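Just below is one structure, and these are the notes that go with it.
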Amino acid sequence: MNGRRLLALPLLAALLTGCGIRSTEVPTDFGAAPSRVHCSLSESDASTQAAHGLPVQVFLLCGSSLVTVDRTVRVPDGAADSRRRVLVAQALLDELAANPSASETEAGYSTDVRGGMTVGGPRPKDPEDTLRLSTRPGDLTSYALAQVVCTFSDSAAAEGDGSVILGGPGAEPPRRFECTEDVRTRPGSTQPPSTEVTDS
């Protein structure tokens, strides 16, 4: 009987293999492991990013959410508040459009903001803290709009209340966009909420 049982073992193994049960020793590839995207920089990498100039933070993409990264931008001294706001906004926009550093890319950071976009100040009938982009906010991807709104609203380019007034190059009136927790955690599926504004 023992001999028959020993002979049956290879047959059973073959049947199990035919049914799709395979050895766990065979390497499989189900895509990148989530743990590889750690969304954090070493202290030395972070200090390198924060070099000389005005310290700011920009929102980059990592995984499926927005995360802040330290940057420095150069803004001329002595500029009037309205002009300074535009200069800061343009500097932030340039930082968002720049390719992440090698260490940031390795940590999983990316950006959906494309280069070449510019920002200007308000038109005569706009609220004084309006920022007008060379691209309609509605034409930006959900990710890019979330990056711009959250970066601007948390900077000297806005009033610091978690919102920013944005318009496009056309005649459309500007709107106030908010950077909410939902926008920061789900920028791909949650558009920054916006409301109409009028000159005060």
Side-chain angles (χ1 to χ4, degrees), residues 34 37-41 46 49-50 54-73 81-82 84-100 104-105 107-115 117-123 126-170 172-200:
V37 181
H38 47 82
C39 302
S40 63
L41 297 171
Q49 296 300 327
L54 176 69
V56 296
Q57 287 188 322
V58 298
F59 281 81
L60 297 182
L61 299 168
C62 195
S64 58
S65 61
L66 294 180
V67 290
T68 56
V69 174
D70 292 331
R71 289 283 193 273
T72 55
V73 297
D81 288 345
S82 58
R84 180 179 174 82
R85 183 183 295 116
V86 173
L87 292 173
V88 170
Q90 184 63 60
L92 291 171
L93 201 58
D94 293 341
E95 289 292 335
L96 287 173
N99 291 327
E104 290 169 347
T105 300
Y109 294 92
S110 64
T111 183
D112 213 45
V113 178
R114 298 295 173 255
M117 188 161 45
T118 59
V119 60
R123 292 181 177 176
D126 291 342
E128 64 179 3
D129 54 346
T130 298
L131 295 171
R132 283 195 171 266
L133 303 174
S134 58
T135 300
R136 289 181 63 251
D139 290 339
L140 298 175
T141 66
S142 176
Y143 290 107
L145 181 59
Q147 285 184 260
V148 171
V149 168
C150 289
T151 297
F152 282 3
S153 65
D154 192 38
S155 74
E159 296 300 316
D161 61 354
S163 70
V164 61
I165 300 177
L166 294 178
E172 294 180 33
R175 298 180 66 85
R176 182 179 294 276
F177 292 83
E178 295 182 51
C179 177
T180 64
E181 182 64 25
D182 285 342
V183 172
R184 290 190 293 270
T185 55
R186 294 189 297 274
S189 58
T190 304
Q191 288 276 356
S194 65
T195 55
E196 294 182 358
V197 293
T198 57
D199 194 6
S200 56

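Residues: numbered from 1 along the sequence shown. Everything quoted here is computed from the prediction, not taken from an experiment.
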Between S134 and T118, is there a donor-acceptor pair closer than 3.5 Å when you use the side chain of the first and the backbone of the second?
-> yes
For D161, does the CG atom sit with more than 12 other heavy atoms under 6.0 Å from it, leaving out its own atoms?
-> yes
Got a second to check how far Q147's CD is from T141's OG1, nearest 0.5 Å?
-> 7.5 Å
Could you tell me the separation between the CD atom of E181 and the CZ atom of R186, rounded to the nearest 0.5 Å?
-> 9.0 Å
Check the pair I165, D126 against side-chain contact (heavy atoms from CB on, under 4.5 Å), reporting the backbone distance first and the verdict last.
-> CA-CA 9 Å; I165 300 177; D126 291 342; over 6 Å; no
Can you measure from OG (S189) to OH (Y143) and round to the nearest 0.5 angstrom?
-> 7.5 Å
Candidate pair T180 and D182, rule side chain to side chain donor-acceptor pair (under 3.5 Å), full reasoning = CA-CA 5 Å; T180 64; D182 285 342; 5.2 Å; no
So, R176 side chain and V164 main chain: donor-acceptor pair closer than 3.5 Å or not?
-> no
Heavy-atom closest pair (C150 atom, L66 atom, distance to 0.1 Å) is SG-CD1, 3.8 Å
Between E128 and S82, does a side chain to side chain donor-acceptor pair (under 3.5 Å) hold up when you go through it step by step?
-> CA-CA 8 Å; E128 64 179 3; S82 58; over 6 Å; no
Looking only at non-hydrogen atoms, find the nearest pair between V197 and P174 and report the distance.
-> CG2-O, 3.4 Å
To the nearest 0.5 Å, tell me how far C179 SG sits from R184 CZ.
-> 4.5 Å
What's the spacing between L60 CG and T68 OG1 if we round to 0.5 Å?
-> 9.0 Å
Please name the pair of heavy atoms, one in A158 and one in F152, separated by the smallest distance, quoted to 0.1 Å.
-> CB-O, 3.4 Å
Between Q90 and L93, is a side-chain contact (heavy atoms from CB on, under 4.5 Å) present by the stated rule, with each step listed?
-> CA-CA 5 Å; Q90 184 63 60; L93 201 58; 4.2 Å; yes
Can any side-chain N or O of R71 pair as donor or acceptor with the backbone N or O of L92 at less than 3.5 Å?
-> no
Taking every heavy atom of A144 against every heavy atom of L140, the minimum-distance pair comes out as CB-CB, 4.3 Å
How far does OG1 of T195 sit from CZ of R175, to the nearest 0.5 angstrom?
-> 6.5 Å
Begin with the C-alpha distance, continue with both residues' side-chain angles, and end with the deciding distance and a verdict on salt bridge (charged side-chain N to carboxylate O under 4.0 Å, His left out) for R85 and E159.
-> CA-CA 10 Å; R85 183 183 295 116; E159 296 300 316; 3.5 Å; yes
Between F59 and L96 the two heavy atoms that sit nearest each other are O-CD2, 3.3 Å
Heavy atoms only: give me the nearest C62-V67 pair and the separation to one decimal.
-> CB-CG2, 3.7 Å
Do L145 and F177 have side chains that get closer than 4.5 Å, going by heavy atoms?
-> yes
